[in-house]
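Quick note: numbers below take in every heavy atom, side chains included, and nothing from hydrogens, waters or symmetry partners. Predicted model, so just to flag it, every value in this text is computed and none were measured. Letters A, B, ... are given to chains in the order of the sequence lines, protein chains preceding strands, and every chain is numbered from 1.
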Number of protein chains: 2
Amino acid sequence: MSQKLCNECILHTDSEICLRNQGLESLHNHCSKVKFNPGETIFKENAINAGVVYLKSGLVKIHTCTQAKDRILRLTKAPSYLCLPSSLGASVNRFTATALEPTEACFIELSTFRQLIVENGDFAYQIITALSQREMNNFHVSLNLGQKQANGRVADALLYLANDIYENDSFVIPFSRQELGDWIGVTRESISRILAEFNATGIIRQEGREISILNKELLEQISEKG
Amino acid sequence: MSQKLCNECILHTDSEICLRNQGLESLHNHCSKVKFNPGETIFKENAINAGVVYLKSGLVKIHTCTQAKDRILRLTKAPSYLCLPSSLGASVNRFTATALEPTEACFIELSTFRQLIVENGDFAYQIITALSQREMNNFHVSLNLGQKQANGRVADALLYLANDIYENDSFVIPFSRQELGDWIGVTRESISRILAEFNATGIIRQEGREISILNKELLEQISEKG
DNA sequence: ATACGTATGTGATTTATATCACAAATATCG
DNA sequence: CGATATTTGTGATATAAATCACATACGTAT
């Protein structure tokens, strides 16, 4: 992996700006790219954290598995930083990251990342803006989980997958009913019933994990009303 | 408000580092301090956003009021940045901030804040670390709201107020039962019942809005088990 | 293809909690 | 101070969703 590629990829900005920084010549020496297949673990909770993980491509779930129950917190789609908090906020990963689709991840040493931030204000501002937007999303998730009932949550999950993850009203749910339930806090049985109902009323067409949203306005209403 | 005071307060770092930055001499010209009494609005959703708000002292709730129902998303305690996302992620505030206790807030122009970040890498890194820790907290909130039942949520709310907000096992809840319910997604009636039950079993001592946690271990267990 | 394990669908029942209704306590204001 | 509004507590009931139980479908490996 050449230095130029690394800079362009990680910094998301033109190389002229990157070259301003003396620290950058070492980026490609402190960064490694790894490929993951669906189901493979990228990092594990309770492991000492390995540094910053940048997702180059793919889709990942952040989850935690306590007392035999898997609980999914977020999906993260490339390109983005994967769960920075696990890297900066604590010395031990508090969550597990698992690939849902074929994924390429770049591992950057924490000291290198820190150097990039400190020496490159534009890069720092980019990261801060991205984290801020993420907090907005977190607020939305909180509203969804805290104040809606099951069909509202399912509606919201489908809209999220369509709008934010796949950018298409037809998609294949990247996990089982069980996992979908673990994500939005509903049992797999209720998920089945609600999807069947949405299917019967023509809001979606559903066949196994394939979903097509047919009546987005109605789905949005259901999500709104909770 | 002198420049020196502003720098020390906002940057949380020694003035030597601050002085490195040419932009800083203008901080005190682009920053204003305002006092708020409990119940007063600091900024309102749907208003064009005024810049970055730094909380110097006090306690604030971030909430949103749709269809006559108030929904509380987070509490934010000084010193900290108040809901940066509303400033950076969008041009219009998506949430309302209201003081719960007497609060001092500093309003910083967005361009000034940006300049601080871009020119002061250490400051930027501080902000990024703080935002990362906030995301950790958000994950915790999601687990709490999404996967726990009412008594677990109430237990968690009490522990949060004791540990994170007041740093004392005895405190006065800064809002009504209704608001507490709006925060954790439980009706005020259920809140009453659960607090009465905690009181009866000796986990807490409760009188009106005054709370003392008597058996923290048990409360933690209830919060854990959901 | 067959067999085994896993995932999914669906009914019956139970349970937690929202809703409704009203009383009591507390705060606010003239 | 009394009158009114707001907040809180508590019982009865309704309801959403979990749990339990089992059937069916699907996937994978031999």
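Atom CD1 of A:Ile62 sits about 9.0 Å away from atom CZ of A:Phe95, to the nearest 0.5 Å. Distance check: A:Gln178 CD to A:Ser192 OG gives 10.0 Å after rounding to the nearest 0.5 Å. Of the inter-residue distances, the one linking B:Lys44 atom NZ with B:Ile42 atom CD1 reads 13.0 Å to the nearest 0.5 angstrom. Rounding to the nearest 0.5 angstrom, the gap separating the CZ atom in A:Arg188 from the CG atom in A:Leu180 is 12.5 Å. Rounding to the nearest 0.5 Å places OG of B:Ser170 at 7.5 Å from CZ of B:Arg205. The OG1 atom of A:Thr96 lies 7.5 Å from the CG atom of A:Asn46; values are rounded to the nearest 0.5 Å.
B:Leu158 has its side chain within reach of B:Leu195: a pair of non-hydrogen atoms, C-beta onward, lies under 4.5 Å apart. The shortest side-chain heavy-atom distance between A:Phe175 and A:Ile173 falls under the 4.5 Å cut-off. At least one side-chain heavy atom of B:Thr98 sits less than 4.5 Å from a side-chain heavy atom of B:Thr41. Side-chain contact between A:Leu75 and A:Leu161: present, with at least one pair of heavy atoms (C-beta onward) separated by less than 4.5 Å.
By the 6.0 Å contact criterion, CD on B:Glu40 is enclosed, its count of non-hydrogen atoms from other residues, nucleotides or ligands being greater than 12.
When every heavy atom of A:Arg74 is checked against every heavy atom of B:Phe139, the shortest pair comes out as CG-CE1, 3.5 Å.
Summarising the geometry, the separation between CG on B:Leu145 and P on C:dT17 is reported as 14 Å, rounded to the nearest angstrom.
The closest donor-acceptor contact from the side chain of A:Lys225 to the backbone of A:Gly152 lies at 3.5 Å or more, if one exists at all. Judged by distance alone, the side chain of B:Lys61 and the main-chain N or O of B:Leu100 form no donor-acceptor pair under 3.5 Å.
Reading DNA chain D from its 5' end, the first and the last nucleotide to sit under 4.0 Å from a heavy atom of chain B are D:dT7 to D:dA12.
Summary for the helix from C:dA1-D:dT30 to C:dG30-D:dC1: the axes at its two ends, each from 5 pairs, differ by 50° when rounded to the nearest 10 degrees.
In the region residues 188-211 of chain B, proximity to DNA chain C at under 4.0 angstrom, judged on heavy atoms, holds for B:Glu189, B:Ser190, B:Arg193. Using a 4.0 Å cut-off on heavy atoms, the residues of residues 146-157 of chain A that approach DNA chain D are A:Gln149, A:Ala150, listed by number.
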Using nucleotides 23-30 of chain C, report all nitrogen or oxygen pairs with the protein that are shorter than 3.5 Å.
none

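A search for side chain to side chain donor-acceptor pair (under 3.5 Å) contacts involving A:Thr64 returns A:Glu45, not counting sequence neighbours.
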